[in-house]
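Please read the structure below before turning to the comments.
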Amino acid sequence: ELNAQLTARCEAHFYDFVRHSWGLIDSSAPYKDNWHAGAVAEHCQAVAMGQIQRLGINMPPSFGKTNIVSIQLPAWVWARKKVTASQRLGATMQFMCATYDQRRSTEANMKMRDLILSEWYQERWGHVQLRADYSMKTAYATTDGGKRIAMSVTAPRMGEHPHYKIIDDPHNPKKPFLSENEILATTGFYEWFKMRGAMINAATILVMQRLHEHDLTGYLRTRSGEDWFWLVLPMRWEPKAMVVLSPLGWRDPREGHEGALLWPSMWSEARVTETCKPGTYADASLFQQRPAPAGGLLFKREHFKIAHARPSNVIRRVRAWDIAGTDAAHATS
């Protein structure tokens, strides 16, 4: 017998849906709750309710971002029956989901299809049915007109105008450094992608780990000219690095506890330190979501001593210029 109260909670609150459907998409790893999952779910629900137009989420790897944002969110949106004009809910909603790799994008598409077709889901939201004549690994549709399309950043799909555009890791996180061409290719993709669904006020969600100061997050935060809300979840709490831009009034529960870990029961200090040594580029970008170590990359603060007075025994003065970043036509030496 179905638990009517549980079903109602899962339908009303995306976070409850995340917790109770997790095992259907990742049976190898039982769901372990942590407040960060609730924060991500809360902000994703705000997008569905029409409170946020563009949502950016920066968080470390292996924290469930793909499951929550790319797989469970579309399934939850389709499950909702009560819809108002300002909300992006119901089985008519269309999704375009992109990532750096088509194989990875297709895998997420298939996991969501398995969730939709599961007995657990169909018993509760049987009104969500997939069309038999439009059912592929990379794209499928509901009988009500909804769609989920999987594609890669390098091979966008033309002619679609969805209600949701989800970008999940636009850069390959396995590459230690991004080239200028890779960065330009991704930002160029976004400039095309942002026009999809513009006429129907489509929502955009970007979820990624930082890899470079000029990665897609860096581009959107400094040069896109668009209004974005950002949920930034560093591995260790850093008050100076955080900017609260959430319209929900959400605050990181670690405030006032500098260095507090994001998920200590799963990512202990020993595991964090073993994976990425503090102060390294990997730690700054993948874990701290600010791709530049606080102490610098090549020249660190501890390498220099502060002179409080001019030396009295100066023999020679030397002046030099570093023109590496200067236009050659105007460079001097």
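Heavy-atom basis, side chains included; hydrogens, waters and symmetry copies ignored.
Not a single donor-acceptor pair under 3.5 Å links the side chain of Arg113 to the backbone N or O of Asn109. Under a 3.5 Å cut-off, the side chain of Arg236 and the backbone N or O of Gln288 do not form any donor-acceptor pair. Side-chain N or O atoms of His163 include one that pairs as donor or acceptor with a backbone N or O of Gln94 at under 3.5 Å. Although no hydrogens or angles enter the test, the distance criterion places no donor-acceptor pair under 3.5 Å between the side chain of Lys147 and the main chain of Tyr140. Side chain of Thr99 to backbone of Asp168: a donor-acceptor contact under 3.5 angstrom is found. The closest donor-acceptor contact from the side chain of Ser105 to the backbone of Met151 lies under 3.5 Å. Asn34 contributes a side-chain N or O that, together with a main-chain N or O of Leu262, makes up a donor-acceptor pair within less than 3.5 Å. Judged by distance alone, with hydrogens and angles left aside, the side-chain atoms of Arg254 form a donor-acceptor pair with the main-chain N or O of Ala260 at under 3.5 Å. One N or O on the side chain of Tyr164 and one on the backbone of Arg88 form a donor-acceptor pair closer than 3.5 Å. Proximity of a side-chain donor or acceptor of Tyr121 to a complementary backbone N or O of Ala75 within less than 3.5 Å is detected.
Through ILVMFWY side-chain contacts below 4.5 Å, Leu184 is grouped with nothing and stands alone.
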message = Walk me through whether Phe287 and Trp267 qualify under ring-ring contact (aromatic ring centres under 6.0 Å, His included).
response = CA-CA 11 Å; Phe287 280 3; Trp267 283 85; 5.6 Å; yes
request  = Go through the steps for Phe229 and Arg54 under the test side-chain contact (heavy atoms from CB on, under 4.5 Å), then give the verdict.
outcome  = CA-CA 6 Å; Phe229 289 112; Arg54 300 178 188 89; over 6 Å; no
Chi angles and distances behind the side-chain contact (heavy atoms from CB on, under 4.5 Å) call for Cys97, Ile166 = CA-CA 5 Å; Cys97 304; Ile166 297 176; 4.2 Å; yes
task = Determine, stepwise, if the pair Gln289 / Ser285 fulfils side-chain hydrogen bond (donor to acceptor under 3.5 Å, both in side chains).
result = CA-CA 5 Å; Gln289 309 309 309; Ser285 56; over 6 Å; no
ask   = After noting the C-alpha distance and the side-chain angles of Ser21 and Trp120, does the key distance pass the side-chain contact (heavy atoms from CB on, under 4.5 Å) rule?
value = CA-CA 8 Å; Ser21 65; Trp120 180 87; 3.7 Å; yes
request  = Assess whether side-chain contact (heavy atoms from CB on, under 4.5 Å) is satisfied between Trp230 and Thr217, documenting all intermediate values.
outcome  = CA-CA 10 Å; Trp230 293 94; Thr217 287; 3.8 Å; yes
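Side chains of Asp114 and Ile25 form no contact here, defined as non-hydrogen atoms less than 4.5 Å apart. Counting heavy atoms from C-beta on, the side chains of Leu231 and Val40 come closer than 4.5 Å. Between Tyr100 and Thr154 the shortest side-chain heavy-atom distance does not fall below 4.5 Å. Using a 4.5 Å heavy-atom threshold, the side chains of Gln102 and Thr138 count as touching. Counting only heavy atoms from C-beta outward, the side chains of Met112 and Phe95 never approach each other to under 4.5 Å. Between Pro278 and Thr273 the shortest side-chain heavy-atom distance falls below 4.5 Å. In this structure, Thr186 and His171 have side chains that are in contact, with non-hydrogen atoms separated by less than 4.5 Å. The closest side-chain heavy-atom distance from Tyr190 to Val153 is not below 4.5 Å.
Within a 6.0 Å sphere centred on NZ of Lys81, heavy atoms belonging to other residues, nucleotides or ligands number more than 12. Within a 6.0 Å sphere centred on CE of Met266, other residues, nucleotides and ligands contribute more than 12 heavy atoms. More than 12 heavy atoms of other residues, nucleotides or ligands shown are found within 6.0 angstrom of CD on Glu123.
Residues passing the ring pair (Phe, Tyr, Trp, His ring centres under 6.0 Å) test with Phe193 are Phe189, sequence neighbours excluded.
Residues Gln122 and Gln129 have side chains that bring a donor and an acceptor to within less than 3.5 angstrom of each other. No side-chain N or O of Gln53 forms a donor-acceptor pair with one of Thr204 less than 3.5 Å apart. Defined by atom type and a distance below 3.5 Å, a donor-acceptor pair is missing between the side-chain atoms of Glu213 and Tyr219. Residues Thr7 and Arg124 bring a donor and an acceptor atom of their side chains to less than 3.5 Å of each other. Checked by atom type, the side-chain pair Thr187/Glu191 shows no donor-acceptor distance below 3.5 Å. In the model, Asp283 has no side-chain atom that pairs as donor or acceptor with a side-chain atom of Tyr281 under 3.5 Å. With 3.5 Å as the limit, one finds no donor-acceptor pair spanning the side chains of Asn172 and Glu182. Defined by atom type and a distance below 3.5 Å, a donor-acceptor pair is missing between the side-chain atoms of Thr92 and Asp144.
How far OG of Ser135 is from CG of Leu130: 6.0 Å, rounded to the nearest 0.5 Å. Atom CD in Glu42 sits 11.5 Å away from atom NE2 in His13 (nearest 0.5 Å). In this structure, NE2 on His20 lies 8.5 Å from CG on Asn3, to the nearest 0.5 angstrom. The CD atom of Gln72 lies 9.0 Å from the CG atom of Leu24; values are rounded to the nearest 0.5 Å. Here the CG-CD1 distance, from Asp227 to Ile52, works out to 12.0 Å after rounding to the nearest 0.5 Å.
With ring centers used as reference points, Trp125 lies under 6.0 Å from Phe17. Side-chain rings of Phe63 and His36 approach one another, their centers coming within less than 6.0 Å.
Minimum interatomic distance between Cys44 and Leu55 (heavy atoms only, all atoms of both residues): N-CD2, 4.0 Å. Residues Gln87 and Leu89 approach most closely at OE1-CD1, 3.3 Å, considering heavy atoms. For the pair Trp78 and Gly146, the tightest heavy-atom approach, listed with the atom from each and the gap, is CZ2-C, 4.0 Å. Shown here for Val47 and Ala203, the closest heavy-atom pair between the two residues is CG1-CB, 3.6 Å. Here the shortest heavy-atom pairing between His161 and Arg196 reads CE1-NH1, 3.6 Å. Taking every heavy atom of both residues into account, Pro170 and Ile167 meet most closely at CB-CG2, 3.7 Å.
For Arg104 and Asp169, the salt-bridge test passes: some basic side-chain N is under 4.0 Å from an acidic carboxylate O. Look at Glu238 and Arg290 and you find a salt bridge, because one of the NZ, NE, NH1 or NH2 atoms lies within 4.0 Å of a carboxylate O, short of that distance.
Note on ring orientation: taking the six-membered ring where Trp is involved, the planes of Trp76 and Phe14 are tilted (angle from 30° to 60°).
Both tests do not hold together for Arg221 against Trp228: distance to the six-membered ring centre under 6.0 Å, angle to the ring axis within 45°. Under a cutoff of 6.0 Å and an axis angle of 45°, Arg19 and Tyr15 form a cation-pi pair.
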Kindly list each side-chain donor-acceptor pair under 3.5 angstrom involving residues 205-212, sequence neighbours excluded, with atom names and distances?
unit_1, atom_1, unit_2, atom_2, d
Arg210, NE, Asp215, OD1, 3.0
Arg210, NE, Asp215, OD2, 2.9
Arg210, NH2, His212, O, 3.1
Arg210, NH2, Asp215, OD1, 3.0
His212, ND1, His214, N, 2.8

